[in-house]
Amino acid sequence: MPSISKKNNSYFSCFILSIIAALIFYLANPNPLIKNGIGAFGFLIYLPVFFIVKKADFKTVWFFGGLYGSLSYGLYAFWLHNFNSWGIFLVCFAYFYIMAVLFLLLKVIDKLFVKNAWIVQALLICSYEYVKTLGFIGFSYGVSAYTQWRNTYFIQICDLIGVFGLNFFIIFPSSIIYSFMDKSGMRSHLLNTEHFEKGTENISTLSHYVKKEKALKLTDLRFTFISLILWVLCMIFIYRYGYVDIKSKKNNSRHQSVKVLAIQNNEDPWKNGIDEYAKNIQNSKNLTEEAFELNPDIDFVIWSETSVVPSILYHYYKIQDTRRFNLVYSLLNYIENKNAVFVIGNGHEEDSDEGKKLYNSVQVYEPGQNVIPPEPDLYFKKHLVPLSESFPYKKQFPLIYKILSSGNNHLWEKGNEYKVFNYKGLAFSTPICFEDTFGEDCRHFVEKGARCFFTLSNDGWSKSRACQYQHLAIAVFRSVENRVPSVRSTATGESCIIDQNGKIKNMAGDFCQSYVIGDVDLLDSSFKTSIYTLYGDFCGKGEILLFTIILIIQILNVIIKKIKNLRNN
């Protein structure tokens with residue numbers, strides 16, 4: 001009976017800890033209760049996780065991992081329900097299994113490493129957060145470092161080590177606090193060794209192992225204290241680096257600038273029908289006119305992702321639909337009579353031998369140069385949203401493709417080039433929505449010469465301010481990593497200008513028709529490409545490599561010890 005009661009208490013404790021861990025994750029990130037999130041909670045996200053892994057056995061640890069995964073991402077990404085009723089279910093289902101596997105691996109590490117398993121577990125978690133962003137279904141939302149998006153001095157180090165380097169310093173406190181709080185690990189290990197098998201214990205051996213336990217605990221405690229001191233020193237360096245870096249940028253801020261206008265028309269571009277398309281375009285025109293009346297010297301006008309739905313080039317040259325041609329021509333005529341470069345999100349169509357191809361595109365028009373007839377510079381979105389924008393396994397799984405293409409999804413063709421535009425002295429690139437959640441994608445733009453991001457986005461389908469702030473929190477890091485400013489034009493929010501330090505200078509309100517006007521520096525020859533831009537997520541790869549090496553060495557040590565014990569016996 002006592003053992004059953006003890007087990008029940010352990011299960012209940014793990015259940016409560018799973019809920020607490022999910023709530024910490026939820027509150028650390030932007031959410032409906034606290035729009036910016038509580039950044040300090042980011043340093044504690046995995047603290048309850050370490051205790052769950054310690055308390056649960058192999059038979060149950062996977063379940064509590066799955067429970068934590070479903071709860072944390074179900075709360076965090078609740079807004080997926082507004083896109084598709086299956087969306088949130090799929091995320092909860094996926095993260096149940098992902099976290100179940102992660103918790104099992106953490107338990108293996110806990111058993112495999114008698115001492116200091118906590119630091120190896122921290123490396124495993126860092127590796128997991130990097131791996132989950134890779135591949136076709138890569139998902140960058142929920143990475144621990146993004147909880148620090150308002151901590152401007154702290155995040156400057158990302159231009160050296162990127163988000164996944166910073167991640168270690170955010171995840172580490174959870175593991176080291178756990179190591180201080182956990183007092184039973186070494187004792188339980190010693191009391192379960194062969195020297196304490198039933199009927200063999202005696203006073204002398206007990207005294208010997210108590211002394212050994214104390215010595216081991218003291219050694220372990222020293223290692224933990226040294227680790228803590230090193231972490232504190234690193235934190236001091238990180239903040240000092242951020243302070244010096246921002247100060248040096250201010251001292252060297254003698255750049256020429258261009259004036260940029262980002263339109264937020266607060267319309268849903270997914271509503272179908274020529275009347276809806278005309279209404280959306282007219283709203284964007286009205287906002288643009290209002291801005292020009294106040295600031296006639298605007299150099300760039302940015303309209304959000306697919307703010308213009310009918311394919312401009314297709315309907316101008318094909319003239320298959322008179323109303324669409326008239327709408328497109330009216331827009332081009334409007335642009336031609338302005339003295340600014342227009343950067344417009346448009347659903348681009350092309351005919352091919354395989355049928356009509358659709359692209360999520362950005363088109364750049366300069367009056368007097370390429371407007372009538374339209375010959376814009378084009379960028380086609382490269383990193384498409386899995387399942388809702390892209391499904392590359394059409395031939396392998398035709399039924400799934402048919403289901404996806406028949407729903408509310410917009411399946412696009414994938415672009416093949418990291419495009420850099422050059423107008424009015426500004427070299428810029430145009431990540432489209434989901435793309436600015438991936439550091440590797442954005443750094444390639446800067447690597448090719450971009451000195452500013454004009455991001456065109458639409459999170460309006462989420463009907464959630466929390467979703468839009470979560471996206472904004474991620475976007476801030478793209479400027480910091482690459483030392484370039486960003487201008488975000490969104491359908492419903494959060495339209496803003498972000499400087500090189502990741503500080504938001506101007507921002508429109510959410511879910512309202514508005515616009516943002518501001519200056520963007522023309523970064524001159526003094527611009528220095530960041531270490532992150534040159535080498536990308538080397539820290540994320542390094543964490544995986546280091547974890548793998550440590551794990552292999554420990555497994556070999558265990559095997560060698562067992563072989564020696566067998567020989568001795």
Side-chain angles (χ1 to χ4, degrees), residues 17 21 42-56 61 102-103 105-130 144-145 157 161 164-193 195-196 207-240 539-540 542-562 564:
L17 284 169
F43 294 94
L44 303 173
I45 283 177
Y46 289 101
L47 180 57
V49 168
F50 284 100
F51 283 101
I52 294 169
V53 171
K54 191 69 176 181
K55 284 176 174 290
V61 71
L102 178 64
F103 275 49
L105 291 175
L106 289 169
K107 189 67 179 179
V108 169
I109 299 301
D110 181 60
K111 293 296 183 183
L112 197 58
F113 291 80
V114 177
K115 295 192 302 178
N116 304 318
W118 54 273
I119 196 167
V120 186
Q121 288 171 320
L123 273 174
L124 173 58
I125 292 169
C126 289
S127 301
Y128 147 72
E129 288 209 352
Y130 172 62
S144 296
I157 197 72
I161 60 176
F164 298 103
L166 188 67
N167 235 18
F168 179 79
F169 297 102
I170 296 167
I171 293 168
F172 186 80
S174 291
S175 63
I176 203 165
I177 292 171
Y178 160 77
S179 72
F180 275 116
M181 293 174 70
D182 178 50
K183 302 296 183 184
S184 61
M186 191 60 65
R187 180 180 287 109
S188 62
H189 170 72
L190 287 168
L191 294 176
N192 284 322
T193 60
H195 300 283
F196 286 91
S207 176
H208 169 74
Y209 278 97
V210 167
K211 289 178 181 179
K212 187 175 180 181
E213 178 188 0
K214 288 180 178 178
L216 286 169
K217 275 195 169 186
L218 185 61
T219 303
D220 192 38
L221 198 59
R222 283 174 181 166
F223 178 80
T224 306
F225 267 115
I226 291 170
S227 300
L228 176 61
I229 291 167
L230 288 174
W231 178 79
V232 170
L233 291 174
C234 287
M235 292 294 284
I236 292 170
F237 169 78
I238 288 170
Y239 273 99
R240 176 66 179 170
C539 283
E543 287 158 356
I544 294 174
L545 179 62
L546 182 58
F547 168 75
T548 304
I549 291 171
I550 292 172
L551 182 61
I552 290 171
I553 291 172
Q554 183 63 11
I555 290 172
L556 290 175
N557 281 337
V558 171
I559 292 171
I560 290 168
K561 284 180 181 178
K562 285 191 174 182
K564 284 183 178 179

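All values below were derived from every heavy atom in this structure, side-chain atoms included, with hydrogens, water molecules and symmetry-related copies excluded.
Among residues two or more places apart in sequence or in another chain, the side-chain contact (heavy atoms from CB on, under 4.5 Å) test is passed with V108 by F58. By the ring-ring contact (aromatic ring centres under 6.0 Å, His included) test, F237 is found to be paired with no residue, residues two or more places apart in sequence or in another chain being considered.
Side-chain contact between F172 and S227: present, with at least one pair of heavy atoms (C-beta onward) separated by less than 4.5 Å. Counting heavy atoms from C-beta on, the side chains of K55 and L17 come closer than 4.5 Å. Proximity of L112 to L551: side-chain heavy atoms (C-beta onward) are separated by under 4.5 Å at one or more points. The shortest side-chain heavy-atom distance between I559 and I555 falls under the 4.5 Å cut-off. Between L545 and I549 the shortest side-chain heavy-atom distance falls below 4.5 Å. Within the 4.5 Å cutoff, the side chain of K107 has no heavy atoms near those of the F103 side chain. Looking at heavy atoms from C-beta onward, T224 lies out of side-chain contact with L228 at the 4.5 angstrom threshold. With a 4.5 Å cut-off on side-chain heavy atoms, W118 and I109 do not count as touching.
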Kindly list each side-chain donor-acceptor pair under 3.5 angstrom involving residues 164-171, sequence neighbours excluded, with atom names and distances?
unit_1 : atom_1 : unit_2 : atom_2 : d
N167   : OD1    : A145   : N      : 2.8
N167   : ND2    : E129   : OE1    : 2.7

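For L47 against Y178, the heavy-atom pair with the smallest separation is CD1-N, 3.7 Å. For the residue pair L106 and Q121, the shortest heavy atom distance occurs at O-NE2, 3.0 Å. Contact between A117 and D110 at its shortest, heavy atoms only, is CB-CA, 4.0 Å.
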Let me see the working for F180 and F225 under ring pair (Phe, Tyr, Trp, His ring centres under 6.0 Å), right down to the final yes or no. CA-CA 9 Å; F180 275 116; F225 267 115; 5.1 Å; yes

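Checked by atom type and distance alone, the side chain of S174 pairs as donor or acceptor with a backbone atom of F43 at under 3.5 Å.
Here the CD1 atom belonging to I550 is positioned 11.0 Å from the CG atom belonging to L124, to the nearest 0.5 angstrom. Expressed to the nearest 0.5 Å, how far OH of Y130 lies from CD of E543 amounts to 10.0 Å. Taken to the nearest 0.5 Å, the CD1 atom of I177 stands 15.0 Å off from the OH atom of Y46. The CZ atom of F223 sits 9.0 Å away from atom OG of S179, with the distance rounded to the nearest 0.5 Å.
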